[in-house]
Amino acid sequence: MGGDTVLVKVEQTPPCPQCAGATLLLAQFPYAWKNRHGDDVSGIRETVLCPACHHGDTAAAELLALYAVDGQPRPENLDVFGGLVAAWVEAVRQRTVDEEALAAEFELWTRGEL
């Protein structure tokens, strides 16, 4: 994958990493961050669309609605599907780690409570 290419997979997607349930699609896209020295680090980020975990996510709402009505993407709605996937991926791309939640989870893990 080069540039800003987004790979979307709609068949045989992996289970949701949060709930282990079935997912509707998988998206892989370029992602970059700065390391502690301020240098750019490039990689690939992967995310899935889970109807159970993402039902309250406003960025996923229209995409989930399309799946609810049509099931798998159909040739006649590929343009709409592509636009909704692009908007959802862009929203996911902008999300950052909640440092407080991560620290709290790490604390639970170190105490053996997770």
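- Closest approach of Thr13 to Leu26, counting heavy atoms only: CG2-N, 3.8 Å.
- In the displayed structure, Asn35 atom CG is contacted under 6.0 Å by more than 12 heavy atoms of other residues, nucleotides or ligands.
- Listed by first and then second residue, the side chain to side chain donor-acceptor pair (under 3.5 Å) pairs involving residues 54-68 are Asp57-Arg95 (not counting sequence neighbours).
- Other residues, nucleotides and ligands place more than 12 heavy atoms under 6.0 Å from the CD atom of Gln94.
- The hydrophobic cluster around Val69 extends to none of the other residues, as no ILVMFWY side-chain heavy atom falls under 4.5 Å of it.
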Acceptor/donor pairs from residues 40-52 side chains to any protein atom, 3.5 angstrom cut, sequence neighbours excluded:
| unit_1 | atom_1 | unit_2 | atom_2 | d |
| --- | --- | --- | --- | --- |
| Asp40 | OD1 | Lys34 | NZ | 2.7 |
| Arg45 | NH1 | Val92 | O | 3.3 |
| Glu46 | OE1 | Gln28 | NE2 | 2.6 |

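- Shown here are the side-chain contact (heavy atoms from CB on, under 4.5 Å) partners of Pro15, two or more places apart in sequence or in another chain: there are none.
- Looking at Thr23 and Lys9, their side chains never come closer than 4.5 Å, going by heavy atoms from C-beta outward.
- Proximity of Leu24 to Val10: side-chain heavy atoms (C-beta onward) are nowhere separated by under 4.5 Å.
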Let me see the working for Val85 and Leu25 under side-chain contact (heavy atoms from CB on, under 4.5 Å), right down to the final yes or no. CA-CA 9 Å; Val85 169; Leu25 65 82; 4.0 Å; yes

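- Sorted by first then second residue, the side chain to side chain donor-acceptor pair (under 3.5 Å) pairs that include residues 101-114, not counting sequence neighbours, are Glu107-Arg111, Arg111-Glu113.
- Among residue pairs with one or both ends in residues 68-78, those qualifying as side chain to side chain donor-acceptor pair (under 3.5 Å) are Asp70-Arg74, Asp70-Asn77, Arg74-Glu76; sequence neighbours excluded.
- Taking CZ of Phe29 as the reference point, atom CZ of Arg93 lies at 6.0 Å (rounded to 0.5 Å).
- Across all their heavy atoms, Trp88 and Ala27 have their closest contact at CZ3-CB, 4.1 Å.
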